[in-house]
Amino acid sequence: MIMSRIEARRDEDTVAAGPLVDRLLGGLPPEAVLTDPDVTASYANDMASFCPAGSPAVVVLPRTVEQVQHVMRTATELRVPVVPQGARTGLSGAANATDGCVVLSLTRMDAILEISPVDRIAVVEPGVVNAALSRAVGEHGLYYPPDPSSWETCTIGGNIGTASGGLCCVKYGVTAEYVLGLDVVLADGRLMSTGRRTAKGVAGYDLTRLFVGSEGSLGVVVRAVLALRPKPPGQLVLAAEFASGAAACDAVCRIMAGGHVPSLLELMDRTTVKAVNDMARMGLPESTEALLLAAFDTTDPAADLAAVGALCEAAGATQVVPAEDAAESELLLQARRMSLVALEAVKGTTMIDDVCVPRSRLGELIEGVERISEKYRLTIGVVAHAGDGNTHPTVCFDAADPEESRRARESFDEIMALGLELGGTITGEHGVGVLKKEWLAREIGPVGLEMQRAVKQVFDPLGILNPGKLF
């Protein structure tokens, strides 16, 4: 129903681009409204493969809450779809434009409004870059843990929209656990505040959590109250080499069952290690079938690494190398952070899956991906936030080869099916967007889908907010 109303007006909205721009300029400065087709085309999509994108009628870059409200009021009056965007580093097509839409880019709303060491909160606008916030709170002896791999460029608004994670989630949790309150502009332009600034608060339904991960489909986040933690000591990293992915996953289970709380527990398979070496000549052990990285930021990280190293050896590690200092630790982490870029260099294009399974079944997923790789005759590298069971099987293919592209898409779907069979989920941190909306229906079932659509209807009765995403 929502999509049919949007589709029915699409031709009319396209024709009405002139009046739309005029109405927008009534409450926005000229430099905030972009109409050059060559420029607006550059805002059409995020970084996902196989996700269709339309042509926006206009791109708007507001600087104030009032300007966002003006955009939404105008869009509601003219029945024009609006696609909120951050830095477009997403991997599911959630920020992709639809034909004739207003792209609402929030990157210029980039102020850190408050940092409170006493309350341990930061109040920020959605365009603040994750790494910029981390550095700013660090000057106050504080720490904002969520750290997606794109943290140097991704924005807090985008992180909230997709409920993103990162390398440190095994100890500190994901973005949703740090969002205390939000200011949200609704589809009709009204401003609503959710949540709190306090350490505790259970008044009413938790609408804050509802917006986290909603991919811009329920409202536009214009301000966020974020929880902070005291800055931890510097971490030390251990690298353990294994002769099989199953042995590495056994080590992960031993570490978690043993009550250890690493600040990072990451896995790289043989394909990923080779790709990183080929790109950066880092000297990682290419004889390995799996490389496990564990880190601790405790008061005595060396002792923790020694205990975990012993568990790795008991699981069959062929070599365990603890870093001696921060420099060695950072070198190992750089190898992990460049994994996805290195895999992209293998064939030029990648599809990055985001399947999360119970930790106890991580080994089964790794082995299943190997079988899928052989079946489709494709290079599929696996990197994983192993401590969470969140894997990123990355399909490498030549986008110019139609046959190889077809096999890539089929292998991607088969990996998601495997994840569900193992009791997992189709996405641990990248979101649904366009790429996985058919799979969302399979995961949550018809009743769950009906309830989610009902929630959408309450917040966005005209269906103008990011139509075509999620379901």
Side-chain angles (χ1 to χ4, degrees), residues 86-87 89 106-107 109-183 193-201 206 208-209 211-213 221-237 261-266 294-301 304 325-327 329-330 333-334 336-337 385 387-388 429:
T89 58
L106 299 157
T107 54
M109 295 180 69
D110 59 356
I112 299 174
L113 302 172
E114 179 186 352
I115 297 173
S116 173
V118 174
D119 294 325
R120 292 183 182 171
I121 62 169
V123 182
V124 305
E125 292 183 328
V128 171
V129 171
N130 186 294
L133 175 63
S134 297
R135 295 183 183 112
V137 301
E139 294 176 3
H140 296 266
L142 297 169
Y143 177 44
Y144 180 67
D147 62 340
S149 295
S150 57
W151 77 302
E152 289 283 3
T153 53
C154 66
T155 62
I156 296 298
N159 295 166
I160 292 171
T162 58
S164 60
L167 274 63
C168 72
C169 295
V170 61
K171 179 174 182 177
Y172 293 105
V174 295
T175 295
E177 296 170 60
Y178 293 88
V179 182
L180 298 178
L182 296 170
D183 284 356
S193 294
T194 74
R196 63 195 194 279
R197 293 170 56 99
T198 55
K200 295 180 179 179
D206 190 351
T208 302
R209 280 290 184 108
F211 281 100
V212 178
V221 172
V222 291
R223 193 166 295 161
V225 180
L226 305 175
L228 304 174
R229 288 175 174 253
K231 189 175 183 179
Q235 63 182 0
L236 284 181
V237 178
V261 188
S263 56
L264 174 148
L265 191 57
E266 299 286 307
F296 285 88
D297 58 5
T298 54
T299 54
D300 188 6
D304 290 309
D325 53 33
S329 296
E330 183 56 30
L333 294 184
Q334 283 295 336
R336 168 61 185 88
R337 290 191 182 109
H385 309 307
D388 305 329
E429 59 185 3

Hey, does Asp388 have a side-chain heavy atom less than 4.5 Å from the side chain of Val174? no
Heavy-atom closest pair (Asn159 atom, Cys154 atom, distance to 0.1 Å) is ND2-SG, 3.4 Å
What do the steps show when you test Asp297 against Lys171 for side chain to side chain contact (heavy atoms under 4.5 Å, CB included), and what is the final call? CA-CA 10 Å; Asp297 58 5; Lys171 179 174 182 177; 2.6 Å; yes
Closest contact, heavy atoms only, Ser164 versus Pro148: OG-CG, 3.5 Å
So, does Thr155 use its side chain to make a donor-acceptor pair with the main chain of Gly158 at under 3.5 Å? yes
Side-chain donor/acceptor of Ser116 to backbone N/O of Asp119, under 3.5 Å: yes
Mind checking whether Leu133 and Ile112 have side chains closer than 4.5 Å, heavy atoms only? yes
Backbone N or O of Ala176 within a donor-acceptor pair of the Arg209 side chain at under 3.5 Å? yes
Residue pair Ala122 / Val137: nearest heavy atoms and the distance that separates them: CB-CG1, 4.5 Å
Pairwise side-chain contact, Arg197 with Val123, heavy-atom cut-off 4.5 Å (strictly under): yes
Is there any ring-ring contact (aromatic ring centres under 6.0 Å, His included) pair reaching into residues 129-173, and which pairs are they, with sequence neighbours excluded? Tyr143-Tyr172
Would you check if Arg196 and Val225 make a side-chain contact, meaning some heavy-atom pair closer than 4.5 Å? no
4.5 Å side-chain heavy-atom contact, Arg120 and Pro230: yes
Using every non-hydrogen atom in the two residues, find where Pro126 and Leu106 come nearest and quote the distance to one decimal. CG-CB, 4.0 Å
Roughly how far, to the nearest 0.5 Å, is the CG atom of Leu226 from the OG1 atom of Thr175? 9.0 Å
As a quick check of understanding, evaluate salt bridge (charged side-chain N to carboxylate O under 4.0 Å, His left out) for Arg337 and Glu152, giving each step before the final call. CA-CA 11 Å; Arg337 290 191 182 109; Glu152 289 283 3; over 6 Å; no
Asp304 and its side chain to side chain contact (heavy atoms under 4.5 Å, CB included) partner, picked from Thr299, Thr298, Val261: Thr298
Restricting to non-hydrogen atoms, name the atom on Ser329 and the atom on Gln235 that form the minimum distance, rounded to 0.1 Å. OG-O, 3.7 Å
Backbone N or O of Gly195 within a donor-acceptor pair of the Thr208 side chain at under 3.5 Å? yes
To the nearest 0.5 Å, what is the distance between SG on Cys169 and CG on Leu265? 12.5 Å
Reported CG-to-CZ distance for the pair Asn130 and Arg135, which is rounded to 0.5 angstrom: 9.5 Å
Do His385 and Val170 make a side-chain contact, defined as non-hydrogen atoms from C-beta onward lying under 4.5 Å apart? no
Heavy atoms of Leu167 and Asp147 approach each other most closely as N-OD1, 3.1 Å
